[in-house]
Amino acid sequence: MELFIVPKGKGKYSVTDKKDRKIYSVAKKAFSQLLVLHDASGYALYSLRQTSEGMKPTFKVEFNDAPFMTVTCKSIYLDPSLIFEGQGMKYKIKSSDRMNFTIVKNDHPVGKIVTEKQVNNEQKYFIEIEDKAFDDYIPLFAVCIDKCFSDLNK
């Protein structure tokens, strides 16, 4: 599975496939800091809430308003990485340069996330992941990378 995640202003992201078809969108819920992942028909799937600020932010992924997964930024400079844990699974998103990330699920590499700079100096994200490892919440990985590392990569 290949996806492109493009930031569209503050708090909005568009997720398309390699044929440029809109698959998902991520948008900030009105009057809150909650980001909601919608499918192409507008149905809300998952939400992402930032639970702490600072150099190593943390997030919570919710499904039907119940905690689903926690996200922890482990390091920003030395061995940049994010840990996604919950529901009997563990993803580690790791990099050496804050631009090219490897997705490791339960100690097995399953994909990658590549950060590309656009002409306007904004960043877009390319996710390539095995079909068996794909789930609807995967685009939120790129959103968390954007929230943690985008200012450092500009």
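All residue numbers in this chain count up from 1 along the given sequence.
Evaluation of the side chain to side chain contact (heavy atoms under 4.5 Å, CB included) rule for Tyr77 yields Met55, Arg98, Leu152 as partners, not counting sequence neighbours.
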* Asked: Run the side chain to side chain contact (heavy atoms under 4.5 Å, CB included) check on Lys112 and Asn100 step by step: do they pass?
  -> CA-CA 7 Å; Lys112 64 182 179 178; Asn100 301 304; over 6 Å; no
* Asked: Should Tyr46 and Asp136 be marked as a side-chain hydrogen bond (donor to acceptor under 3.5 Å, both in side chains) after you check the CA-CA gap, both sets of side-chain angles, and the distance that decides it?
  -> CA-CA 8 Å; Tyr46 293 91; Asp136 289 329; 5.5 Å; no
* Would you check, one step at a time, whether the test side-chain hydrogen bond (donor to acceptor under 3.5 Å, both in side chains) holds for Ser81 with Asp79? => CA-CA 6 Å; Ser81 59; Asp79 189 32; 4.6 Å; no
* To do: Run the numbers on Ser52 and Thr58 for side-chain hydrogen bond (donor to acceptor under 3.5 Å, both in side chains), then give the verdict.
  => CA-CA 5 Å; Ser52 75; Thr58 58; 2.8 Å; yes
* Asked: When you look at Val6 and Thr16, which way does the side chain to side chain contact (heavy atoms under 4.5 Å, CB included) test go after all the steps?
  -> CA-CA 8 Å; Val6 180; Thr16 58; 5.6 Å; no
* Going through the checks in order, is the side chain to side chain contact (heavy atoms under 4.5 Å, CB included) test met by Leu140 and Val61? -> CA-CA 9 Å; Leu140 293 176; Val61 177; 4.1 Å; yes
* Carefully, step by step, assess Val110 and Val104 under the rule side chain to side chain contact (heavy atoms under 4.5 Å, CB included). => CA-CA 6 Å; Val110 295; Val104 178; over 6 Å; no
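For the residue pair Ile127 and Pro139, the shortest heavy atom distance occurs at CD1-CA, 4.2 Å. Nearest heavy atom pair, residue Ile138 against residue Ala133, reads CD1-O, 4.2 Å. Residues Cys73 and Phe149 approach most closely at SG-CZ, 4.3 Å, considering heavy atoms.
Residues Leu48 and Leu37 are not in side-chain contact: their nearest non-hydrogen atoms beyond the backbone lie 4.5 Å or more apart. Between Tyr125 and Val114, every side-chain heavy-atom pair lies at or beyond the 4.5 Å cut-off. You'll find the side chain of Phe126 stays beyond 4.5 Å of the side chain of Lys124, heavy atoms only. Met89 is listed as a side-chain neighbour of Asn106, based on a closest heavy-atom distance under 4.5 Å. Tyr91 has its side chain out of reach of Ile83: every pair of non-hydrogen atoms, C-beta onward, lies at least 4.5 Å apart. Using a 4.5 Å heavy-atom threshold, the side chains of Phe101 and Lys94 count as separate. Thr102 is not listed as a side-chain neighbour of Ile93, based on a closest heavy-atom distance of 4.5 Å or more.
Side chain of Asp146 to backbone of Ser150: no donor-acceptor contact under 3.5 angstrom is found. Although no hydrogens or angles enter the test, the distance criterion places no donor-acceptor pair under 3.5 Å between the side chain of Asn64 and the main chain of Ala66.
From Gln123, atom CD reaches atom NZ of Lys117 across 5.5 Å, with rounding to the nearest 0.5 Å. Note that the OG atom of Ser47 and the NZ atom of Lys28 stand 14.0 Å from one another [nearest 0.5 Å]. The distance from atom CG of Leu3 to atom CD1 of Ile23, rounded to the nearest 0.5 Å, is 7.0 Å. To the nearest 0.5 Å, atoms CD1 (Ile103) and NE2 (His108) are separated by 15.0 Å. The structure places CD1 of Ile5 at 7.0 Å from CD1 of Ile113, a figure rounded to the nearest 0.5 Å. In this structure, Lys8 NZ and Ser25 OG are separated by 11.5 Å, a value rounded to the nearest 0.5 Å.
Surrounding NZ of Lys60 are at most 12 heavy atoms belonging to other residues, nucleotides or ligands under 6.0 Å away. Around atom CG of Asp65, no more than 12 heavy atoms belonging to other residues, nucleotides or ligands sit under 6.0 Å away. Within 6.0 Å of CD in Gln33 there are 12 or fewer heavy atoms belonging to other residues, nucleotides or ligands. Applying the 6.0 Å contact sphere to CG of Asp135 captures more than 12 heavy atoms from other residues, nucleotides or ligands.
Evaluation of the ring pair (Phe, Tyr, Trp, His ring centres under 6.0 Å) test over residues 14-44, restricted to residues two or more places apart or in two chains, returns none.
Between Phe59 and the choices Arg49, Met69, Lys147, the side chain to side chain contact (heavy atoms under 4.5 Å, CB included) rule is met once, by Lys147.
Side-chain rings of Phe4 and Tyr13 stay apart, their centers remaining 6.0 Å or farther from each other.
Leu34 belongs to a hydrophobic cluster with Val36, counting contacts under 4.5 Å between side-chain heavy atoms of Ile, Leu, Val, Met, Phe, Trp and Tyr, direct or through other members.
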